[in-house]
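One structure is given below, encoded as structure tokens.
By convention in this document, chain letters (A, B, ...) are assigned in the order of the sequence lines, proteins followed by strands, and residues within each chain are numbered from 1.
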Number of protein chains: 2
Amino acid sequence: MKIDSTKKADLSAQIAQAIRDAIIDGRMIVDERLPSEAELAEQFAVSRPTVREALKRLAAQSLIRTARGAFGGAFVNRLSYEEAYGQQITTSTLLLSMNAVSFETACEARYALERACTALAAQRRTADHLATMRAEIHRQAQPGLSDESFCASDVAFHRALVDAAGNPVLSYQLAGAVEAMQPLMNMITFTARSREEIVGLHGRIADGVEAHDGATAESALHELEIYTQHLGRDVMAARARRAT
Amino acid sequence: MKIDSTKKADLSAQIAQAIRDAIIDGRMIVDERLPSEAELAEQFAVSRPTVREALKRLAAQSLIRTARGAFGGAFVNRLSYEEAYGQQITTSTLLLSMNAVSFETACEARYALERACTALAAQRRTADHLATMRAEIHRQAQPGLSDESFCASDVAFHRALVDAAGNPVLSYQLAGAVEAMQPLMNMITFTARSREEIVGLHGRIADGVEAHDGATAESALHELEIYTQHLGRDVMAARARRAT
DNA sequence: GACTTTTAAATGTCTGACAATTTGAGCGCA
DNA sequence: TGCGCTCAAATTGTCAGACATTTAAAAGTC
């Protein structure tokens, strides 16, 4: 791992990459302790602050964790699903907000991915998942709910649907797509009429999942996508009118 | 942004979080220049190395970029799809390798997500995408191809399929799932017989996409999933036998 | 033997300095 | 005027050394 050629990148970036490579291709295993900062500094022939910058880069990606005190130090971190969710959400949110991704594109991606889970969810759902979905539907039907709360409940509903597929890798992938959409969804003002429509479709999805009937759930989800796209277009049109 | 309470986290982590928050909720916009390290140090009442550690954390997430020299400094970075791909792949790869995700689970997730794109791909594919898919199929049929090269070509084929859907957000989400699977796929030794089978199914997928026939493509993809799962089970069984 | 104190190792932070790099302004020269 | 050269200023990158803080093991005490 001592490899550190005379390329034209920052030393701290090179060192971070060297350690990252060692972790990714298995030369360092989970919970293994890295040499102390002083030792790393000597190995790479750089100063301690430079090593520290490299370690902070890795810590930002949750590749390592550090502990103070005797027998502390930097350890290879087991990347948990929670940490992976978090990074996925941050990255997805920024990607959408910084690249002027249209509501249409983001919405299409989200529902396409979600449709991928629906059949599995109908097949494997537990009573718990179903109960969560029903509870969120009930919350969404409450009058006087703010738009933000309605959206948050929407996310929770879809999250439960995804989790019902019982595949943590799928849940991880979907978390980013669904949560990153929320800021875009929050731009929509939900009328009583549109809420009613959405709650109805949610109910049909839950019915399909409850009956282990993937086709019904998928078709309701597809209707929901069409309706959401419709709402999105209305918002964009209204915004365009206001701009003139 | 000067908020910096006396919580029990590292100063550099707190500062990184404060700046990250400012970027995420739009108080800092793309290409905006951050104050210099010296100014940030003064604002947050910490030393320059501490500020630098915070900035390196953000740089590791591609949230900022830095330039040396007069009128250099740290700038809010437009997160490109390429950078997002890269982070997604790194995270997904680590998640799979560190959490003992079974071949079955990863495979199911990958094909479920890919199935989400197939209908769109069949609808929107361009001649370019189709040509890429055909070229990879041709490469895969070459005798004497190493297992690694075969897998790489497999990834390229599926990547083209995903890109054919014409939705960059979908491509971004799928990149991680497909590429992270590669190390697991590389464990499989492909016999001439199994390659023939896979190439045949790839051909059927390409046929479906070419004919704008989503149903055909989806059904071929589904067969490919079943066959891949079958190969995976064989490898695991052989490995278990060897272990006894 | 159980509790307390010490000690050593490690990360976290600060200060101050110098090196490298980039841009713009000033200057000279034709 | 217009072109090119040099130089200064600003900023990040790196280094060295020091001190503070935290933690757990080792040593000491009752």
Side-chain angles (χ1 to χ4, degrees), chain A residues 1-20 23 28 31-77, chain B residues 1-20 22-23 28 31-78:
Chain A
M1 191 169 75
K2 298 99 194 173
I3 327 116
D4 190 14
S5 53
T6 59
K7 295 301 177 298
K8 60 279 281 174
D10 294 351
L11 286 176
S12 69
Q14 291 181 45
I15 293 169
Q17 191 58 53
I19 299 175
R20 184 162 27 236
I23 295 174
M28 304 205 66
D31 290 334
E32 185 175 344
R33 184 179 177 279
L34 277 73
S36 73
E37 295 175 352
E39 287 173 303
L40 285 171
E42 196 177 2
Q43 274 187 37
F44 288 109
V46 298
S47 69
R48 224 190 106 203
T50 302
V51 166
R52 281 183 61 79
E53 287 180 10
L55 294 180
K56 294 312 165 202
R57 289 176 189 263
L58 299 175
Q61 296 181 305
S62 301
L63 267 82
I64 63 170
R65 79 192 112 86
T66 57
R68 285 164 69 148
F71 288 73
F75 298 83
V76 177
N77 188 40
Chain B
M1 192 168 78
K2 296 101 194 170
I3 327 114
D4 191 15
S5 54
T6 59
K7 296 300 178 295
K8 59 281 279 173
D10 294 351
L11 287 175
S12 69
Q14 290 182 46
I15 294 170
Q17 192 57 53
I19 299 175
R20 185 166 22 237
I23 295 175
M28 304 205 64
D31 291 335
E32 184 174 346
R33 183 180 178 279
L34 276 74
S36 73
E37 295 175 354
E39 287 173 302
L40 286 172
E42 196 177 359
Q43 276 188 34
F44 288 109
V46 298
S47 68
R48 226 190 104 203
T50 302
V51 167
R52 282 182 60 78
E53 287 179 9
L55 294 180
K56 293 313 164 201
R57 289 175 189 263
L58 300 175
Q61 296 180 304
S62 302
L63 267 83
I64 62 170
R65 78 192 112 85
T66 57
R68 285 161 68 146
F71 289 74
F75 299 84
V76 178
N77 189 40
R78 158 162 277 127

Side-chain contact test, heavy atoms from C-beta onward, threshold under 4.5 Å: evaluate it for A:R65 versus A:S62 and give yes or no.
no

Can you measure A:F71 atom CZ to D:dA26 atom C1' for me and round it to whole angstrom units?
10 Å

Want to settle it: does B:A70 or A:R48 sit nearer the 5' end of DNA chain C, counting the closest nucleotide to each?
A:R48

Donor-acceptor pair (no angle test) under 3.5 Å: A:R68 side chain, D:dT21 base
yes

Check the distance between C:dT15's C1' and B:E37's CD and give it to me in whole angstrom.
15 Å

Quick check: do B:D31 and B:V76 have side-chain heavy atoms less than 4.5 Å from each other?
no

Starting at CG of A:L11 and ending at C1' of C:dT21, how long is that distance when rounded to a whole Å?
15 Å

If you compare every side-chain N and O of B:T50 against the phosphate oxygens of C:dC14 (OP1, OP2), does one of them come in below 4.0 Å?
yes

Rounded to the nearest Å, what distance is computed from the CD1 atom of residue A:I15 to the C1' atom of nucleotide D:dT14?
11 Å

Pick the nucleotide of DNA chain D nearest each of B:E39 and B:P49; which residue has the one closer to the 5' end?
B:E39

May I ask you to evaluate whether A:K56 reaches the phosphate of C:dG12, defined as a side-chain N or O under 4.0 Å from OP1 or OP2?
yes

Is there a side-chain polar atom (N or O) of B:S12 under 4.0 Å from OP1 or OP2 of C:dG12?
no

Do any side-chain nitrogens or oxygens of B:R52 fall under 4.0 Å of OP1 or OP2 in D:dT12?
no

Which residue in the set A:R48, A:R68, A:K56 passes salt bridge (charged side-chain N to carboxylate O under 4.0 Å, His left out) when paired with A:E37?
A:R48

Can you tell me how far P of D:dG13 sits from CD of B:E53, to the nearest Å?
14 Å

Side-chain N,O (B:T66) to OP1/OP2 (D:dG13) below 4.0 Å
yes

Whole-Å distance, B:D10 CG to D:dA20 P, equals 19 Å

Could you check how far CZ of A:R33 sits from P of C:dA9, rounded to whole Å?
12 Å

Let me know the distance between CZ of A:F75 and C1' of D:dA24, rounded to the nearest Å.
12 Å

I need the B:L63 CG to B:L34 CG distance, nearest 0.5 Å.
10.0 Å

Just wondering, do B:R57 and B:D10 contact through their side chains at under 4.5 Å, heavy atoms?
yes

Under 4.0 angstrom, heavy atoms only, what part of the nucleic acid is A:A67 near: base, sugar-phosphate, or nothing?
sugar-phosphate

